[in-house]
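Input: a single structure, listed below in structure tokens.
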There are 2 protein chains.
Amino acid sequence: MVTIKDIARESGYSVSTVSRVLNHRNDVSPDAKKRIEEVVAEYHFVPNNNAKHLKQSNSKSIGVLVKGISNMLFASIVEEIQRMIEKTDYTVVVSYLDEDDDEVEQALLLCRERKPLGLLFLGGNPEYFKKGFAMVDLPCVLVTNLADKMDFSNLSSVATDDVAAAKCAVDALFEAGHQKIGILGGDIEKSYTSHLRFEGCLESFREHGRPFFPELCYEKARFSYGSAYRGMERLIRKYPDLTAVFAMSDVMAIGAIRALRDMDYRIPEDISVIGFDGTDLAEYYNPKLATIKQQYQTLATRSVEILFGQIELKKDRVHEIVPFEFVSGESIQKI
Amino acid sequence: MVTIKDIARESGYSVSTVSRVLNHRNDVSPDAKKRIEEVVAEYHFVPNNNAKHLKQSNSKSIGVLVKGISNMLFASIVEEIQRMIEKTDYTVVVSYLDEDDDEVEQALLLCRERKPLGLLFLGGNPEYFKKGFAMVDLPCVLVTNLADKMDFSNLSSVATDDVAAAKCAVDALFEAGHQKIGILGGDIEKSYTSHLRFEGCLESFREHGRPFFPELCYEKARFSYGSAYRGMERLIRKYPDLTAVFAMSDVMAIGAIRALRDMDYRIPEDISVIGFDGTDLAEYYNPKLATIKQQYQTLATRSVEILFGQIELKKDRVHEIVPFEFVSGESIQKI
DNA sequence: TCCATTTTTGTGAACTTTTACAAAAAAACC
DNA sequence: GGTTTTTTTGTAAAAGTTCACAAAAATGGA
């Protein structure tokens with residue numbers, strides 16, 4: 001392997017001068033710079049990252065923990081994050097975990113093994129962080145969940161206002177004249193997102209003067225097609241005179257619609273459905289799905305910007321809300 | 001930071017004995033092993049990867065290049081690959097590139113910067129490899145494209161037989177009685193996958209005694225909803241008496257269906273559609289999409305296994321075909 | 001007990017880079 | 001020209017591991 005020593009020998013300068021050129025220092029003569037750059041190009045030399053980071057005791061990597069592996073929105077956000085970080089000299093280490101894995105434990109593991117300079121957390125429950133997060137004293141951004149109640153000085157967050165957004169979804173159903181509305185979401189004990197959206201639902205029910213019986217019209221399922229399918233079956237069985245359903249993700253909405261159709265309900269004539277996330281899928285689905293659009297690009301870019309702000313510029317923590325948007329579709333019918 | 005020296009001092013043994021325990025060597029006494037493991041646990045010590053890899057001049061990382069960023073099948077495969085590699089002591093570096101980026105250049109860049117021990121290539125065109133791949137003399141597996149014609153000794157591949165699978169899709173349309181069949185795929189000049197599937201289409205047309213006019217019934221688009229939507233519009237305009245369409249991905253099929261519906265065609269009554277990939281989406285779409293199911297899990301696991309075989313066991317290159325499956329749906333009507 | 005083996009442990013060099021510090025060279029001043 | 005200042009360069013230590021080799025300890029046989 002060609003090392004900095006080879007470049008030094010070949011260019012006639014010392015190792016440290018080569019290092020200076022490599023790191024774009026300005027305390028080196030134009031002559032030396034030119035000659036060394038020639039040799040570097042000739043030998044296709046690229047410095048060894050391990051040696052570099054060993055000396056600087058700096059991994060230049062950032063960890064991404066994704067909780068909820070089949071979440072399409074997360075997939076889009078992760079992709080965007082990767083694209084952004086790729087442009088810098090950082091590496092990204094992505095770790096996927098199941099909806100019910102212990103995120104804090106995984107985070108600690110990741111930190112011990114890879115020693116990242118910062119952490120990006122998709123879908124984690126801020127409440128859990130109390131448990132053991134103080135241990136990993138790293139800049140960290142919680143993406144898609146607001147952590148403004150947490151008092152870790154290095155924990156930022158970027159998220160959609162889930163309460164308001166879910167309320168907006170259910171409001172839309174009430175405004176279309178629906179009275180018997182079912183909710184299909186995650187486990188509010190485990191998923192903080194589900195918990196918040198549930199709160200939003202409650203608010204809407206309250207505001208519309210409707211009592212809400214969670215045990216009756218809240219059905220929990222995982223955020224996947226199949227699980228939503230089965231959840232919808234249970235929900236409609238318990239509550240057969242439903243005229244509308246709010247599903248807490250587009251994927252769930254689609255699973256629910258398939259279940260309803262298989263039971264010969266027509267969408268939206270018999271039952272209206274609204275989803276959440278606003279992925280491409282919602283727009284192309286049949287019927288075009290009414291949904292709440294989250295700005296996944298903004299979520300991704302802001303979280304990376306904030307994290308780098310904390311790591312490199314020692315900026316303060318930030319809690320940022322990214323606006324959402326109601327997207328009308330063909331899956332809601334006025335009654 | 002706690003280092004191996006601290007553990008050595010604290011346990012009363014030397015650095016090298018600690019190192020031996022850490023690497024599960026068996027030339028160390030049970031006493032020492034026990035004592036050292038205690039101290040390691042107490043201090044939550046994890047060896048510094050940079051130092052380790054520097055000494056071993058071994059990055060223990062594998063690079064994944066993904067060409068075609070919005071390909072849902074690739075997303076699933078990558079996820080699966082990440083999950084597999086996560087269990088080993090390797091790191092994975094994923095690099096996404098656009099459908100029309102230059103993959104070889106990107107591969108070389110990745111190799112120079114990260115020095116991975118092997119490469120996994122999703123959606124690359126084997127033809128391009130001639131250009132500059134010999135330079136990066138690394139074990140490499142082309143996933144979803146067969147490279148049995150390439151004679152690089154360290155280039156393996158795992159793929160679905162695209163020719164046969166596409167033929168199977170078009171056969172299904174012919175067998176349902178269709179005569180005027182349109183094809184919606186990628187650019188056969190640039191996308192090798194599209195090229196192969198196009199060949200499969202040709203074979204089917206030939207076998208059914210039908211002439212095939214690519215300029216008439218082959219419409220090229222990118223593998224995304226929106227692009228397929230516009231492609232379908234053009235296709236139906238050029239060829240208005242179409243009764244069936246084969247779209248080269250499920251996403252494209254769905255984009256096409258939306259375009260057709262917007263022009264008041266009914267699916268499948270007026271036009272039958274068959275997709276490709278067999279993602280969950282196809283099963284839950286409305287109408288349930290007929291498609292060709294690729295075994296994405298097998299593709300992922302086999303490619304990782306083969307790559308590790310080449311890296312660690314110095315095994316020979318392998319070209320492996322993973323079987324596909326025809327999945328019937330509601331989007332095809334017999335006539 | 002002594003010697004030959006085997007098992008266990010320690011020493012110190014090596015991996016490649018960065019960087020503090022020192023030294024040399026060049027420039028600027030009188 | 002001599003002195004000071006600035007610019008440019010080199011030397012050598014350091015980062016945290018692994019590993020070849022040597023040394024020490026334990027074991028076995030006689």
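Below, chain A is the first sequence line, B the second, and so on; all start at residue 1.
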Any donor-acceptor N or O pair under 3.5 Å, side chains Ser157(B), Asp148(B): no
Please determine if a side-chain N or O atom of [X] lies less than 4.0 Å away from the OP1 or OP2 oxygen of [N].
X        : N       : result
Thr3(A)  : dC15(C) : no
Ser14(B) : dT9(C)  : no
Thr17(A) : dG10(D) : yes
Asn23(A) : dT18(C) : yes
Ser19(A) : dT18(C) : yes
Arg25(A) : dT19(C) : yes

Rounded distance (Å) that lies between atom [atom2] of [N] and atom [atom1] of [X]:
X        : N       : atom1 : atom2 : value
Lys33(A) : dT7(D)  : NZ    : P     : 17 Å
Lys60(A) : dT17(C) : NZ    : C1'   : 15 Å
Arg35(A) : dT8(D)  : CZ    : P     : 19 Å
Lys5(A)  : dT11(D) : NZ    : C1'   : 13 Å
Ile4(A)  : dT11(D) : CD1   : P     : 14 Å
His53(A) : dT17(D) : NE2   : C1'   : 17 Å
Asp27(B) : dC19(D) : CG    : P     : 11 Å
Leu54(A) : dA13(D) : CG    : P     : 17 Å

Heavy-atom donor-acceptor pair, Ser19(A) side chain to Val15(A) backbone, under 3.5 Å: no
Gln310(A) side chain to Asn154(A) backbone, donor-acceptor under 3.5 Å: yes
Closest nucleotide among dT9(D), dT9(C), dA15(D) to the Tyr13(B) side chain: dT9(C)
Over all atoms of both residues, closest heavy-atom pair of Leu54(A) and Leu54(B): CD2-CD2, 3.5 Å
Smallest separation among heavy atoms of Leu120(A) and Val304(A), with atom names: CD2-CG2, 4.2 Å
Residue met sooner reading DNA chain D from 5', once Pro30(A) and Lys55(B) are mapped to nucleotides: Pro30(A)
Nearest-nucleotide comparison on DNA chain D, the residue closer to the 5′ end among Arg20(B) and Asn50(B): Asn50(B)
Presence of donor-acceptor pair under 3.5 Å, side chain of Ser16(B) and base of dG10(C): yes
Flag if over 12 foreign heavy atoms under 6.0 Å of NZ, Lys315(B): no
5' priority, DNA chain C, between Ala51(B) and Val28(B) [closest heavy atom]: Val28(B)
Position toward the 5' end of DNA chain C (nearest nucleotide), Ser57(B) or Ser29(B): Ser29(B)
Sugar-phosphate, base or nothing in reach of Asn48(A), heavy atoms under 4.0 Å: sugar-phosphate
